Amino acid sequence: MFSLSELAPLNQHQSRCKLLKPWWEVFMDYLVVLMLMTSVLACTEQLSRDRVVCIPLDPLVTEDTSNHKSQSLHSTARGRRTHLVYQQYVYISQVCYHEALPLCSRFFPYMAMLQSLVLVASGSFWLHFPHTSARIEHFLAILAKCCESPWTSQALSHAARQESIQEKEVVEERRSPQIPLSSTSSSVPLTRTRQTSIDSGTDSPLLKRSDSASFAATPSLCPSTLSCHANISSISLGSQVHFPSSKPSLMIDSPRQVISLDKSDGEQTRALFERVRKFRSHCESSDVIYKVYLAQTVFKLLMVTLILSYTIPLLSSLSFTHTCHPEEQALVGYTTFECIHVLSSLLRKLLVAYLTLLGLYGLLNLYTLSWILHSSLRQYSFHSLKELCSLRDVPDLRNDLAFLLHMLDQYDPLLAQRLSVFLSPVSENRLLEESLERRWGEEKLRAMTSVDAEGCSRLQLVALPRLPPALFTLSQLQVLKLELITEARFTAQVSNMTSLRELHLYHCTAAVDRGALGVLQERLEVLHLSFTQASEIPSWVLSLRSLHELHLSGRLSSDGGVGRSWALGSLRQFRHLRVLVIRGMLQRIPGELCEVAGSLVRLEVYNEGTRLLVLTGLKRMVDLTELLLHDCRLERLPSALLALTNLRTLDLQHNNLRTLEELLSLAHLRRLSCLRLAFNRVLALPASVGVLRGLELLDLSNNQLQSLPPTLFTLHRLRRLLLAGNLLEVLPAEVKALQLLTELDLNGNRLESLPPQLFHSCLELHILNVAHNSLSSLPSGIAALSQLVRLDLRSNNLEVLPAELGCCSGLHGGGLQVEDWLFLSLPPQVRDFLSRTYSEGNSRPESDSFPYFSPTQWSFSSALESQI
């Protein structure tokens, strides 16, 4: 047995499917039911009392006619005697029923019932076909949600109010010429002012917000008969209305009407918008429902034609009397019988009724087919709604979704209007605005604002549909980071952000209104852009004339070869640009950079492993002081560097440099003080390195150096020497000449000992990193390094530590990095001294290779390492 709970969904599905049945489908369903009832009645009658009655026509015995005539003259006629018993009559009736009665008389009721069942099944086939039923059920479920949503009722009510406003304005405009105008100022004509919508630049009145005056409290009629949530407030006529009178004009103000939903309703409405969007994209991709419905209509029409073609001729075969010639003369003694069919008259009437109903059914199918072929059912446009000036932004639909809406219009056109609310971009934008206003208020944004180490207030917003209006009230915000915001728009209210100087746009195509562009041009100094293709870069970026620093991360090269220009465009508007950082896949230094060569002082290119082939564009950037070329697959030092006479920092890390023969050509770069060549494939350092007299930092980490030339130690200004990750086995004693050396990094080499001169001469040494070597002992004299604050001895072959480490007062508080068991080899008083102030957190110099780790939290102190 089935429970009521199991049968309830079937009933609900049938009731909802009625929405997609036009009037002809309803009539055809009734006609099929009548045909089925007719066939059932015929079957019942045939099974209960269908039979034939037969009597013989020829006599059994031939008698003398003369005697028969003589007897007939003297007796009354009483009929012909047949000399048959009852069983013989029953037998002959059954035989004649099958031999004399035509097939139509015997099988018409069953054929009619079978045909009616086929028509019943084909009538709703498109609603139950697997490829169409899922879409139809989904559509009906979405339609039910749209009708029940409070957002639908409020949006349509607001649209109705807007329509009444427009109608009254038209009436007042027609009456205004009839009002006499006085030359004095005592009479003021009736005027109205309306505010435009702020919904993303559109002026559709579907969900327009305006400051309205309340003239009457009479609610407008809801456009849909299914609305049970419509709460229509006062009619909005404008923000200010002036009435003509002899007194000063009366001004009536009212608060702005806002369509508001609670949190749960808002989330459900947003989910419904997304559900409608996905269903639309799914349904518009094919027209399977349209094709199935068309095939169903054609099949029913062919079915009706076939039935009529072989049923109408059968009407003449339905006769009351039949002549039977059974071959059973030996049993009954007669060869010919006259039979009557008891139900022939009734069956004839039922067949006429059945054919009449079938003819009407065929005419309706013919009308349906003509409607399908003469109507554009795969295209749907909300013309009737757009004429009302309330749903002009609703897009046109196609394929299956358009067909379903056409079918829905045959039932009730107002249902499509309710669905159109969730197809309207303005309606969705208005909902998103309201949600942002409720969830991202000013208090929450201020709570999310943080202050960095430089004292700048920062705010980061990620994965929002648009910018919350409360953002433009943060007047103290200096750095704004926007990430994955699909429809970010800066309005004229950005002028309230008086402290904004830095903007980050990570995969965020932001739009700027004309009023906001002037503000950003004057105030914005730092801009970070992250994108996939250069086409995603907003065009307004190239007009930021006050920009000092620009960071670009994405594909900037054109699809063509090396000779093609990059895809960003001209930079001539960046007159004050000083720093340019590019993270992309360039094949050449863009020639457009020459437009900012006069102001650019720092250029960084992170090329993500793409070979940078042409660097001639660097020759015009004579004012560059810092140049970074990372991951450019450079194999030699570029010759274009010779023109950069003001260069102070040259960073060519993460390339494929194998030789440094061109170092001699850099001799005239007298201001060069920082040279970083780490993460390359340099096999040997040439003696020409000695010509770089002004070097203060030399980074050759993670190369393949096996030895160091003596000329390296003639660079007396060198303060930081970074040689980690090489193949050095000996540190020359000439290192004593680097008396200004403050940092020496020998981590990850093959050193077995250190020269004593290092401790006797390099007295300014602050940081010494000799971890991951093969040191078996430390030379004496380390106590002379009174400035030493960091010493890393981990992963060596040391068995004991010298007690004179206790004389290095700067190592206390965690400056000594060594294994725990090796640390215990120190005398107790030395251990107590080195670990006594372990948690004081004394300030220490920063290093790129040897970061300071606090005892409570391990963190990078170097700015470069923090970025990595």
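Worth saying up front: this structure is predicted, and the values here are computed from it rather than measured.
Each of L644, V581, L627 was scored for a side-chain contact (heavy atoms from CB on, under 4.5 Å) with L603, with one residue passing: L627. The only option from E764, E696, E743 that meets the salt bridge (charged side-chain N to carboxylate O under 4.0 Å, His left out) definition with R720 turns out to be E743. When each of V479, V541, L480 is checked for a side-chain contact (heavy atoms from CB on, under 4.5 Å) with L503, only L480 meets the rule.
N702 places no side-chain N or O within 3.5 Å of a backbone atom of G725 that could act as its donor or acceptor partner. Under a 3.5 Å cut-off, the side chain of N773 and the backbone N or O of N749 do form a donor-acceptor pair. With R670 contributing its side chain and A667 its backbone, the two residues share no donor-acceptor pair below 3.5 Å. Looking at S701, its side chain never comes within 3.5 Å of a backbone N or O of A678 through a donor-acceptor pair. A donor-acceptor pair under 3.5 Å links the side-chain atoms of N726 to the main chain of A724, judged by distance alone. In this structure, the side chain of E549 does not engage the main chain of R578 through any donor-acceptor pair within 3.5 Å. Using a distance-only test at 3.5 Å, with no hydrogens or angles considered, a donor-acceptor pair links the side chain of D452 to the main chain of E454. Between the S475 side chain and the T498 main chain, no donor and acceptor come within less than 3.5 Å of each other. With hydrogens and angles disregarded, a donor-acceptor distance shorter than 3.5 Å links the side chain of N796 to the backbone of V770. Under the 3.5 Å distance criterion, the side-chain polar atoms of R523 are matched with a main-chain donor or acceptor of M497.
Side chain to side chain, N769 and R790 fail the donor-acceptor criterion of an N or O pair below 3.5 Å. Between the side chains of T610 and Q587, no donor-acceptor pair is found at a separation under 3.5 Å. If you check the side chains of R545 and Q521, you find a donor sitting under 3.5 Å from an acceptor.
Side-chain contact between L628 and Y606 is present, with heavy atoms from C-beta onward closer than 4.5 Å. Taking 4.5 Å as the limit, some side-chain heavy atom of F713 sits within range of a side-chain heavy atom of L708. At a threshold of 4.5 Å between non-hydrogen side-chain atoms, the residues K481 and R458 count as touching. At a threshold of 4.5 Å between non-hydrogen side-chain atoms, the residues R717 and R693 do not count as touching. Here the side chains of V691 and L663 are not in contact, with every heavy-atom distance at 4.5 Å or above. Residues L477 and L445 form no side-chain contact, since every pair of their non-hydrogen atoms from C-beta on lies 4.5 Å or further apart. You'll find the side chain of V735 reaches within 4.5 Å of the side chain of P755, heavy atoms only.
Contact record, L615 with A640: O-CB, 3.3 Å, taken as the closest heavy-atom pair. Counting all heavy atoms, side chain and backbone alike, S599 lies closest to L577 at OG-O, 2.7 Å. Of all heavy-atom pairs spanning L801 and S825, the tightest one is N-OG, 3.4 Å. In this structure, S786 and S809 approach most closely via the heavy-atom pair O-OG, 4.4 Å. Taking every heavy atom of both residues into account, L586 and L612 meet most closely at O-CD1, 3.7 Å.
For the atom pair CG (L738) and CG (L758), the distance works out to 9.5 Å, reported to the nearest 0.5 Å. Between the CG atom of L571 and the CG atom of L542 there is a distance of 6.5 Å, given to the nearest 0.5 Å. Remark: H548 NE2 to L524 CG distance equals 10.5 Å, nearest 0.5 Å. Between atom OG of residue S530 and atom CG of residue L484 there is a gap of 9.0 Å, rounded to the nearest 0.5 Å. With rounding to the nearest 0.5 angstrom, the CG atom of L751 is 9.5 Å from the CG atom of L723. If you take CG on N656 and CG on N680, they are separated by 7.0 Å, rounding to the nearest 0.5 Å.
The salt bridge (charged side-chain N to carboxylate O under 4.0 Å, His left out) analysis of residues 633-646, with sequence neighbours excluded, yields the pairs R611-E635, R636-E662.
Between H654 and H630, the ring planes are tilted. Angles from 30° to 60° get that label.
Remark: E502 pairs with no residue by the salt bridge (Lys or Arg N to Asp or Glu O under 4.0 Å) rule, at least two apart or across chains.
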